[in-house]
Amino acid sequence: MGGSKIDVIGQIIGGETSRIFIREKSGSRIELGDLLVAEEDDGNYSILQVKDLVYHSQIPQIMRELASGLQLEGHGSHMEFLDEELRNYIIAEAKTILQIRDNEPQLPKTLPNFFGQVRRIEDDDLKFLMEEKIKNPLYLGNVRSGSKELKTSIHIDAREAIPHHILIPATTGRGKSNLVKVMLWELMNIENIGMLVLDPHDEYYGRNELGLKDHPNQEKLRYYSTDTSNIHGMVESLRINIKSIKPEHFDGIVKFTDAQRDALKLYHNTYRKEWIPHIIREEKIEEVESKTLSVIRRKFDNILGIYAENGQIKSRGSVFKTNDGESTIKNIIKSLEDGEIVIIDTSKLTGKAELLVGSIIIWAIFNKYQKYKAKGVLEEKPIIGIVIEEAPRVLGKEVIERQGHNIYSIIAREGRKFNIGLVAITQLVSLIPRTILANMNTKIILGNEMSQERAEIIASASQDLSDDNRTIASLDRGEAIVTSVFTKFAVPIKIPLFDEHVKDKINKIREKPPLLSLEDL
Amino acid sequence: MLGVVEKIIKALEEDVNRGLGRPYLQSGNYKIYDFNEENFKPLKDVEPRLMAFVDGGNNTVLNAPTFSLQINRVYFNLFRGKERQRPSSGMPEKIEFLSYLNVSKDGQVGKVKIFPLSEEHSRYLPREEDLRVTLPGPPDFYQRSRMFSVARRFAEWSFSTHIIEEELDDGDILVKDGSLQASFEGENKYLDRVMKTAHKMGINLVGLSKTSTLSTDTGNSLIASIKKFAEHKKYDRWCYYPIAKEIVNGERPGSMIMAVKLHKLTEYIFRMDFLKTGHDEVEVVSAIGENTVDPTFPGYPYGLIDADLNARVRMDEVKLYRTRILSALSEDVLEKLKSHIRALDAHERLNMIANMIKD
């Protein structure tokens with residue numbers, strides 16, 4: 001840093017606190033989102049981020065139009081702009097995102113030096129990030145300057161960030177699955193974090209490709225699937241006995257009228273674990289009308305695939321069972337409490353069934369953790385994270401208004417108190433109420449070309465991203481901005497490709513010499 | 001009205017259809033040459049040469065009937081063909097100074113004191129004792145205002161002499177905005193010095209005039225006449241010489257006046273004053289032509305456009321100096337000064353009102 005000759009790529013020529021104008025040195029190719037450093041004499045420096053790039057010229061517009069016309073119409077071979085690099089140039093509009101004073105990062109309160117020269121950021125400039133002591137570091141990627149990846153890695157404290165909820169907004173093809181895969185891989189290295197992953201595309205375990213099953217700590221992984229054929233590793237059959245289902249599990253997931261909901265409770269209170277068979281067999285309770293009972297039965301048939309045949313309760317589907325899967329929920333809860341990663345392959349399930357499976361599990365863990373808190377032992381327990389895709393299905397304004405709150409929205413509002421958090425993935429942030437978005441204290445923003453969605457993301461970010469509209473739109477696959485109450489600034493990152501990241505990790509382990517066994521000794 | 005317009009059109013037609021006539025120069029120091037088609041020479045593609053372009057600018061800080069304070073700037077740049085070069089000698093690219101023109105009590109003589117803004121610039125400036133001018137005719141403002149630029153003009157010559165000595169070499173070119181003719185008493189001394197230096201060092205000294213009042217003896221514009229004459233020739237770019245040659249007795253050759261069309265796509269023909277050092281006039285003009293390809297003003301050297309922009313003294317700079325000087329004056333001096341200034345600033349006030357209306 002200070003003292004040595006710097007590789008200047010621009011010079012500050014004016015602006016204001018939120019828009020600093022930097023004239024680009026010709027050929028420097030400053031990029032949108034680039035991180036630049038403006039040094040001061042005392043070794044302190046400011047980190048600026050490029051928010052916009054604008055053409056400027058000393059040549060009047062009319063002259064440029066004429067020159068262009070001459071060239072386009074074939075008269076330009078005898079003409080060229082002289083001193084082109086002096087007269088035609090690019091102004092980068094940047095914002096100071098951080099000031100480093102005595103090696104301590106601070107929010108910017110002063111402007112960098114007028115006419116100060118700027119250079120590209122280097123890993124050394126981010127030493128303060130590397131020196132940060134994070135107890136449970138969850139690696140997200142490396143710091144990115146424009147499209148250039150630095151060596152400095154970005155971590156957030158998983159035990160802090162997950163209960164405060166993580167939102168991953170992105171449109172298709174911007175790398176959200178890859179990000180979640182990388183995050184889960186990294187979470188498998190951290191103790192005392194239980195993760196429930198509802199996996200509607202069956203993409204995290206790595207059934208036929210590299211996945212979490214290849215992790216060195218694979219014993220921490222539990223994989224539940226309805227399809228256990230042709231699979232290596234420790235797959236467990238996703239079978240849930242209908243005795244595990246309670247009326248509240250349907251809250252906000254399946255639409256019931258008040259009368260129907262009352263009926264559900266009544267049947268549950270009356271028949272406890274056998275309540276569903278009684279409904280399916282349409283065994284009447286006095287207070288419940290036949291019509292109501294009939295509708296509920298039909299709904300259960302549709303969603304659970306449970307029906308009665310000659311008085312016998314049968315299951316049509318592969319998940320909800322009448323005489324099997326009694327310990328599934330219990331086992332899943334135990335795994336989560338043991339700090340394991342539980343993947344539920346819901347790829348063969350309908351959307352409603354998937355949410356219902358999640359609801360059953362989450363209600364169970366939520367109730368347990370409420371009790372732990374009441375007993376004062378909550379802090380001894382692992383924190384719980386729930387990965388849910390297409391989050392507006394359960395967190396959407398309309399859904400909540402129409403069907404009332406569900407366990408996912410309850411977790412979004414209250415989960416933090418019980419160390420349970422969501423990792424919510426969505427393409428449509430605008431469908432989620434502001435109150436819930438505001439509760440999601442870490443957002444890993446991937447590229448998004450929809451302006452309305454960008455506006456919502458920006459409005460609910462933990463840092464001021466008001467100038468990042470274009471930057472978010474231009475984020476390429478694997479590029480992201482991490483905005484969090486746990487980071488000093490909105491950090492642009494490059495997420496590694498899962499396959500490369502994993503291969504690298506697996507190779508490192510393989511390279512280690514094998515430990516000598518007792519017999520060898 | 002219709003009759004008036006027709007009369008004007010008739011008069012214009014007569015004027016533009018006049019015969020070419022012979023070149024005519026007011027100054028008797030030149031030998032005039034008749035028009036001759038053989039004097040047109042096409043420009044060539046040549047190896048780029050090192051060229052220095054020089055221009056100056058001045059603007060009024062304070063002005064009263066008895067004095068005038070000017071801020072002056074003289075600037076040069078270097079190009080080899082189309083490529084800008086850095087000065088190699090370490091001399092400054094621009095010199096700046098304040099000049100104070102003071103009129104004698106009888107109103108006939110103006111003396112100029114100069115105040116360089118940096119002491120390092122002193123060596124490039126003219127000597128104060130040379131900046132003594134006899135004011136032309138009755139002491140009216142507009143005649144006198146021409147005198148404001150005397151210090152700047154002298155400084156342009158003295159700075160040019162240094163540029164030739166310190167930055168240029170045999171065969172290089174110095175192009176100055178304007179002609180190589182003196183306008184002020186005592187100016188010839190500086191002009192002669194730069195010409196002698198150029199000749200001695202083998203430097204081609206060129207003055208390029210954006211406007212020319214040269215005419216023919218039939219009253220036509222000389223440049224327009226040559227343009228018309230050039231229509232017979234199908235050259236894309238050319239130079240025409242000699243139009244006139246300076247008659248000198250002494251250590252240097254006389255300069256030559258020529259007309260040049262420096263770019264294929266230009267309509268502009270310029271007067272060029274040329275103090276040559278060899279017999280390669282066409283090559284030298286062609287080399288200058290290489291610098292005229294910028295689309296902002298095809299046919300005019302970009303080096304001079306750049307020199308003009310950098311030498312220009314803008315009004316905001318003037319205001320800055322005016323404020324600094326006026327704020328440092330004592331109250332009674334300031335009061336007296338105001339009455340002097342008001343004697344002349346009504347014109348400025350009128351301009352200000354006109355600008356406000358325009359806005």
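The model shown is predicted, which means the values in this text are computed figures rather than measured ones. Below, read A as the first sequence line, B as the second, and so on, with proteins coming before strands; counting in each chain starts at 1.
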Q: Report which part of B/Phe297 has an atom under 4.5 Å of a heavy atom belonging to chain A: side chain, backbone, both, or neither.
A: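 When you check distances to chain A, no heavy atom of B/Phe297 falls under 4.5 Å.
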Q: What is the minimum heavy-atom distance between B/Asp294 and A/Phe81, and which atoms define it?
A: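 In this case the closest contact between B/Asp294 and A/Phe81 is OD1-CA, 3.3 Å.
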Q: Using non-hydrogen atoms only, which part of A/Ile62 is less than 4.5 Å away from chain B: side chain, backbone, both, or neither?
A: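 Neither part, no heavy atoms under 4.5 Å.
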Q: Does any non-hydrogen side-chain atom of B/Pro298 lie less than 4.5 Å from one of A/Met79?
A: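 SC-SC contact between A/Met79 and B/Pro298 confirmed.
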Q: Should we say atom CG of A/Asp41 is surrounded by more than 12 heavy atoms from elsewhere, each under 6.0 Å from it?
A: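 Counting other residues, nucleotides and ligands, CG of A/Asp41 stays at 12 neighbours or fewer.
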Q: Could you tell me if the side chain of B/Leu309 sits less than 4.5 Å from the side chain of A/Gln58, heavy atoms only?
A: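 A side-chain contact under 4.5 Å is absent here.
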Q: Taking atom CD of B/Glu37 as the centre, does the number of heavy atoms from other residues, nucleotides or ligands within less than 6.0 Å exceed 12?
A: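 More than 12 heavy atoms, drawn from other residues, nucleotides or ligands, come within 6.0 Å of this atom.
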Q: For A/Leu82, run the side-chain contact (heavy atoms from CB on, under 4.5 Å) check against B/Thr292, B/Thr296, B/Val293, B/Asp306 and tell me which one passes.
A: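 Option passing the side-chain contact (heavy atoms from CB on, under 4.5 Å) with A/Leu82: B/Val293.
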Q: Side chain from CB out, backbone as N, CA, C, O: work out which of these in B/Lys264 comes under 4.5 Å of a heavy atom of chain A, or both, or neither.
A: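 For B/Lys264, side-chain heavy atoms alone lie under 4.5 Å from chain A.
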Q: Surrounding CD of A/Gln452 (heavy atoms of other residues, nucleotides or ligands, distance under 6.0 Å), is the total greater than 12?
A: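 No, because the 6.0 Å sphere around CD of A/Gln452 holds 12 heavy atoms or fewer from other groups.
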Q: A quick test of your reading: do over 12 heavy atoms of other residues, nucleotides or ligands sit less than 6.0 Å from CZ of B/Phe40?
A: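 It does: B/Phe40 CZ has more than 12 such atoms within range.
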Q: If you count the non-hydrogen atoms of other residues, nucleotides and ligands that lie under 6.0 Å from CD in A/Glu449, is the total more than 12?
A: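 Buried by this count: over 12 neighbours within 6.0 Å.
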Q: Please rank A/Glu80, A/Glu84, A/Gln71, A/Arg64 by heavy-atom pairs under 4.5 Å with chain B and give me the top one.
A: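 Among the listed options, the one with the most contacts to chain B is A/Glu80.
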Q: In this structure, are over 12 heavy atoms from other groups packed under 6.0 Å from B/Glu83 atom CD?
A: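 Atom CD in B/Glu83 is not packed in, count stays at 12 or less.
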